[in-house]
Each structure stands twice: as C-alpha cells, then as structure tokens.
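Let me begin by presenting the structure, written as structure tokens, before commenting on it.
Both counts, for ligands and for their atoms, begin at 1 and track the order of listing. Atom set for the values below is all heavy atoms of this structure, side chains included, hydrogens, waters and symmetry mates excluded. By convention here, the first residue in the shown sequence is residue 1.
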Amino acid sequence: MGSRTPENSDLKKERRTCTFNPLELTVFLDGGRKKTKERRDIEKYFLSDPELNDPVPMDFLSHKEKYEETVRKACVVYKKLKEMRKGTGSIDISRENIITSVIHSILKDGDPFSLNNVMMIPVIIGQATPRQQAMWLQRTINYEIIGTYAQTELGHGTFIRGLETTAHYDPTTQEFILNSPTLTSYKWWPGGLGQTTNYAIVVAQLYTQGVYRGIHLFMVQLRNEETHEPLPGIKIGEIGTKLGMNNVNNGFLGFENVHIPREHMLMKYSKVLEDGSYIKSTNEKLAYGGMTFVRVSILKVVSTLLAKACTIAIRYSAVRRQSEMKPGEPEPQILDYRTQQYKLFPYLAASFALKFTGKWLLNICTEVFSELEEGKLERLPELHALSCCLKAVCTTEAAQGAETCRLACGGHGYMMCSNLPSLYGLITAACTYEGENTVLLLQTARYLMKAWQQAVGGMAMTPTVAYLKQAVSGSNGTPCWEGSTACIVSAFQQVAARKVKHSADIMGQRIQEGVSPEDAWNMTSVELVQCAEAHGRAILVERFVAAVAELNVSVALKTVLAQLRDLYTIYTLLRNSGDFLMYTEMTPLDYCNLQNRMETLLSELRPNAVGIVDGFDFHDDIIASTLGSWDGQVYDRLFAAASKSPLNQDTVNESFHKYLKPMLKSGL
Ligand SMILES: Cc1cc2nc3c(=O)[nH]c(=O)nc-3n(C[C@H](O)[C@H](O)[C@H](O)COP(=O)(O)OP(=O)(O)OC[C@H]3O[C@@H](n4cnc5c(N)ncnc54)[C@H](O)[C@@H]3O)c2cc1C
C-alpha cells in the first residue's frame, strides 16, 4: 500500500464490510509474515529513492528521451541492487525474485538490462564450461559487462534451424568467423541490443572442417568496453517503436567477418577442438533447459501483471458511479452492475489460478533440473509439454484479462496514466516471446499425440496425461453429472481426452486416405491446438482445486478463495460449453444451473472484491495508476496527471502563432 491520503468514502465502505482480513491474504501470497516484511522493506529501499522519481511522466517524453531516462533509472536501480547484495553477502533466489518484481515496476515500460538477467546469466550457467563461466559469469552478475540473447532474425523466429547467421571455424587462427550473409539473417528483436548491451550470446549455424554442425551459441563482444563504439564488422541499432515495452531497446545486429576466439563458443555440451574436430553433445535436449525455465517463470510474471490490472479496475469500479439502476436513485457504484462483475471477477480468479499453477510448475521444473544433473532425462518431455501449453494458455488468458480490465474502466482506462495500456503491452508481448503461442500449443499437441498412442497401447503414463487412459477404455469420468468441484475437474479432463482422441482419429484417417503425415498434421492443426488448450485448461483447473484443498488459512479467507476457485472453474467451463455439451454428460439444464451458480458467486464475491485486491498489497508506486491507487482519489489524480502534460505548461502553444493564426486569419 502507498501513502495514506484521505480515502475515498466508497472504498472506505468496501474495506469496512470485507468479510476477511486482507493482510492474511497478503501474508499467504508472500509465503509468511517474514516474507511480507522483507518484500515491503525491499520496496521501500527502492521506491523511497528520490532519484527514481519521474519529474515529467515518461509517457510525455520522446522515444529517445524515454530510453535515456530509463537507462539513468536502470543504473540507479542496479547500483542499489549491488549495494544490497554486498550487504547480505550472497544471492538469495526468493529475495532476488522480489527485487526483480520491484525493478520491473520501476522501469515500467521495459528494462534494457533485463536480457542480461533473464537470459545471459542463466545461459552462461547452463551452457558454458567452468572455464568460460570464470571469464564471464561474475562480470555479468556485477554489471561490468551487459549482455543479451540474440537468436531471432529478420527472416526467422520460430524456425530456429532456418537461422542464417554463420560461424565458420578457422583452425589456422583458432577463431570463428561470424557473418550475416543476407538482410534476413540480421538479428532482430534482442532486448537491450540497440544501444545498451556490449556483449551478446549469438545463435549461429556452425561449420567446422567444411562440415555443417547445426545451431550453436557464441559469446560475442559487440562494443568497445571503454568507448561503447561497435567493434569492427558489427552493424548494430535499435528496431524502433512497438505496441509496448518501448524502453527495452530491442535491437538489430549484423556481422561482417567478425572474428571471435575458439573459446567463445559455449562448450558445456558440444565442443570444437583446436584442429576443428567436432564433439557432439551426448544429448541435444540438455541445451533447452534454460528456455524451459524462462517459459515457466513467465506464468508468475503474467499472474502478477493480471493481478495489477484487476486491482486498478476493481478499485476504480468501486469509486466510479454511473447511470441509474432505479429511476431517481443515486448513481450506483459501477461495481454493482452484474456485467461489470462478470467482466472483472473471473479474471481476478484467473490471477490466482495462474499463480498457483505457476508455483506448482516451478517446483516440477526445479525437480526435473536436479534430475538432469544426475543424467536422468525421463521427465523432460513432460515438463517441456507442460511449459509450452501453460505458457500459451496463461499469457493468452492474462492478455484478455488486461484488455477486459481496460474496457471495464471506460474512457479513463484508455489513458496511459491508468497504466492499463502499458500492462496490456507487457502481457501481450509474452504471447509472442519465448515461443509464439500457437507454435507452443502445437508442440504440446505433438506430445499429446504420442501420449495418446501410449495410452492406446496400454503403456504406463506420466502423471499429467494419465487421464487419457479413461478415454481409451471408454470409461466416463463424469458418469452422472452432479456439478460438484470433483465432477467439473473430471469433466475438464474428459473434454481434453476426447479432443486428443478426436485429433488422433482424424489425423489417422487422413493418413489412411493417403495424405502424407506432414500434410495430415497441418490439416488437423486447428484441432491439435484446441486439444493442447483443453489440456492446459484441465491442468489449471486441477491445480487451482488442489491448491485450495491444501490451504492452511482462516475459514473466512478459505471461503473467499474457494469462491474464486469455483468461479474460475465454472466460468472457464461455460466459456467452452460447446465442448462440455459435446463430450461430457452435462445437459442444457446442467448448463443453466451452472450459469445460476456463477451468478451467485459473482454476488458472493462482490463485498470482498476490494479486500481481495487490497490483499495483493501493491504499493501505489508499483500500481502506478491514477485509477488504481489505494486511496481511490481518481479524479484528483487524473487532473494532477493531465496538469503535468508539457502542452499545459503554456497558455498558448507556439503552433498557434506559426500555423493556426495564419490559417484562421487568411480568410480561407
Ligand atoms: C517484445 C519481444 C521481445 C523479444 N525479445 C527477443 C530477444 O531478446 N531475443 C530474441 O532472440 N528474440 C526476441 N524476440 C523474438 C521472439 O522470440 C519471436 O518474435 C518469436 O519467437 C516468434 O517468432 P517470429 O516473430 O518469427 O514469428 P513467426 O514464427 O514468423 O510467426 C508468425 C505466425 O506464423 C505462425 N507460425 C510459425 N510457424 C508455425 C508453425 N510451425 N505452425 C503453425 N504456425 C506457425 C505463428 O503462429 C504466427 O501466427 C522478442 C519478441 C518480442 C515481441
């Protein structure tokens, strides 16, 4: 929570009538009282620094000014981070997560250093030899050098094997020579690449002894460490403005005969020896661990961004009064309109579904990675499939949620100072980066098709697809529909299983009719994407139900979280009702009963909506919204924000004298 200016009377009333203690929710979400204190202390440490204030809101600056101001702030922030680490003497992961989240909020339209943290450091840890780590790891952690991850090219993003950047090994000099042979081979998109970073991990096609060896990673110095001038042969710049994340400084990069030492290929798995001999990795999959981890982390990031959007829209909806419900009566709070509740509460519930599922998936990821260290790879395909479909389903849902929150705030939600456009920009970007969502869903679908064949063959199944066995045996997960939580979870699994079966059947049929497997795959890909989405939804629902079952909180809080669980599961079911009517025992009458239940849940959640978002405990400077501050003084804040517009600093703008007046007086 932020400064305690006088509280809007409607918000005060909401807080008085809340049936649970929001602080209990805060403590639960943080993971304990000590953690809440730690988070608040970290927030205070950063947010109380006057150097991090914006004299003029960033939205009013030019693209160039925004970048320069962001770099200034990023340097202040990372200096403070270094001082903080010095104080504690070690890197604590949960503490680092809190810090990262605060830094993201301060550098709200993107952090030009972020790729150093989310890609450069993990890739060095995961892919570099101990000797290479000694050369670069500490320097990147200390921000003595700043790196990015340069994979995507102008011509290829998804199809990594199609990348065109080349690295030819020359045994006489023991160097790789990097080239961008075409315009489409220019790297395009890497964060911070434009003007910020001086190193990059570059993905390129390796050739040694005249033989093509596939895609490999190379550490490449891009700029002189003193002057920051691009090194010879390096063509570098920024790609321009985007829908959002405009301060990330995404860049382009081309190579013209750039020489790098042999030791700069990351050689933890594959190796190039001095004479150019190539030693292949024992398992190519080992190289993908880092990507999976980043994908898994995205769930937590987008659940927090969605929770912020919900906080803004719900607080504003409690303050905003509009129209008449009954003639002559005072204007109601817009939060009392059923349609407003229907817009906002399911996404509030979704933010919890994403949070619980993200935590569960991160635990699996940690387990699988420690198994990898022991050479056990069995669970990697399941983790990969889970991370792909959950990243896709969760980012899509969060982006829809943020946009719905914006719409729910009417015209004011369209203002940059509401922070809703920026939140949407951040979330929707995640639908594309770290694997484009459709492509990720198709990867999960490939896993599901294999799992289906295993189920048909009576083989043992991994836990998250064990439900497919029911569809094979024809046994019905929901023999008679009684609408309970267990019945709904089982129905989600049944829908997913039937969709998997349907996709496998029609693909098999097409192949039998003589269509090639590749064409059959493409012809069936709409169904395949849908079965991966259904699998993702079944997991989200199951995890939400499991998380609430495990809760150790007061009855009052548990009641609210159970209502959110029910709302999420029923709302998601109703949005996909065609599937449930087609593939389960649910009848049109059951559908109507669920619709009624959902509407009851909206009423039950109404008195606690503000309490729930208060429980997220976002500091006002982290929410950064005129509409979503704790005090609810939205109109004062909107006016204060408008008064900071540079256009309002003069009573008459110079364009009047230059253009308007001559036109007005010309007699035209
Ligand atoms: C904000 C942002 C930050 C980024 N940061 C980085 C970075 O730091 N480093 C970096 O290297 N890259 C970065 N990227 C690039 C990003 O990883 C790619 O944009 C992403 O992988 C998608 O690739 P693409 O743009 O080539 O899309 P494409 O692959 O061209 O996709 C376009 C369309 O084609 C469809 N499509 C493609 N292949 C298939 C298929 N096999 N089957 C069915 N449909 C298909 C997709 O579904 C999509 O609808 C960033 C992108 C964004 C938006």
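Scanning the protein for heavy atoms near atom 19 (O) of ligand 1, the closest one is Thr432 CG2, 3.6 Å. Looking from atom 53 (C) of ligand 1 to the surrounding protein, the closest heavy atom is Trp189 CH2, 3.7 Å. Counting only heavy atoms of the protein, atom 28 (P) of ligand 1 lies nearest to Thr158 OG1, 3.7 Å. Scanning the protein heavy atoms around atom 46 (C) of ligand 1, the nearest turns out to be Glu436 OE1, 3.2 Å. Closest to atom 40 (C) of ligand 1 among all protein heavy atoms lies Val439 CG2, 4.2 Å.
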Item to check | Criterion side-chain hydrogen bond (donor to acceptor under 3.5 Å, both in side chains) on Glu256 and Ser180, from CA distance to verdict | outcome: CA-CA 6 Å; Glu256 200 179 284; Ser180 308; over 6 Å; no
Item to check | Working for side-chain hydrogen bond (donor to acceptor under 3.5 Å, both in side chains), residues Tyr207 and Gln205 | outcome: CA-CA 7 Å; Tyr207 294 82; Gln205 305 280 10; 5.9 Å; no
Item to check | Evaluation steps, side-chain hydrogen bond (donor to acceptor under 3.5 Å, both in side chains), between Lys391 and Asn437 | outcome: CA-CA 8 Å; Lys391 183 269 191 184; Asn437 278 357; 3.0 Å; yes
Checklist entry - Should Tyr447 and Thr462 be marked as a side-chain hydrogen bond (donor to acceptor under 3.5 Å, both in side chains) after you check the CA-CA gap, both sets of side-chain angles, and the distance that decides it? => result CA-CA 11 Å; Tyr447 174 81; Thr462 50; 2.9 Å; yes
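For a threshold of 3.5 Å applied to N or O pairs, the pair formed by Thr152 and ligand 1 contains at least one separation below that value. Below 3.5 Å of separation, one finds no N or O of Trp188 facing any N or O of ligand 1.
Residue-environment remark: NZ (Lys242) exceeds the threshold of 12 foreign heavy atoms within 6.0 Å. No more than 12 heavy-atom neighbours from other residues, nucleotides or ligands sit within 6.0 angstrom of CE on Met582. The 12-atom threshold is exceeded at CE of Met507, counting heavy atoms of other residues, nucleotides or ligands nearer than 6.0 Å.
When non-hydrogen atoms are compared, ligand 1 lies under 4.0 Å from the side chain of Asn250 (C-beta onward) but not from its backbone. Contacts between Val248 and ligand 1, counted as non-hydrogen atom pairs separated by less than 4.0 Å, are absent for every part of the residue.
In this structure, Arg262 and Tyr169 have side chains that are in contact, with non-hydrogen atoms separated by less than 4.5 Å.
Shown here, atom 12 (N) of ligand 1 is in close reach of the protein: a heavy atom of it lies under 4.0 Å off. Distance check for atom 32 (C) of ligand 1: every protein heavy atom is found at 4.0 Å or beyond. Counting protein heavy atoms under 4.0 angstrom from atom 5 (N) of ligand 1 gives one or more. Atom 8 (O) of ligand 1 is flagged as protein-proximal [any protein heavy atom, distance under 4.0 Å]. Protein heavy atoms all stay at least 4.0 Å away from atom 35 (C) of ligand 1.
Near Leu442, meaning under 4.0 Å from one of its heavy atoms, ligand 1 places the atoms 42 (N), 43 (C). Residue contact check: Leu115 has heavy atoms under 4.0 Å from atoms 8 (O) of ligand 1. Distances below 4.0 Å separate heavy atoms of Gly191 from the following atoms of ligand 1: 7 (C), 8 (O). Of all atoms in ligand 1, listed by their number and element, those nearer than 4.0 Å to a heavy atom of Tyr149 are 7 (C), 8 (O), 9 (N), 10 (C), 11 (O). Applying the 4.0 Å criterion to heavy atoms of Gly157 picks out, from ligand 1, the atoms 23 (O), 24 (P), 26 (O).
For the pair Arg446 and Trp521, the cation-pi test (distance below 6.0 Å, angle within 45°) is passed.
Only one option out of Asn247, Leu107, Leu61, Val56 pairs with Glu69 in a side-chain contact (heavy atoms from CB on, under 4.5 Å); it is Leu61. Checked against Leu420 for a side-chain contact (heavy atoms from CB on, under 4.5 Å), the options Lys308, Glu403, Arg406 give a single hit: Arg406.
Within the model, atoms SG of Cys405 and CD1 of Ile312 stand 8.0 Å from one another, a figure rounded to the nearest 0.5 Å.
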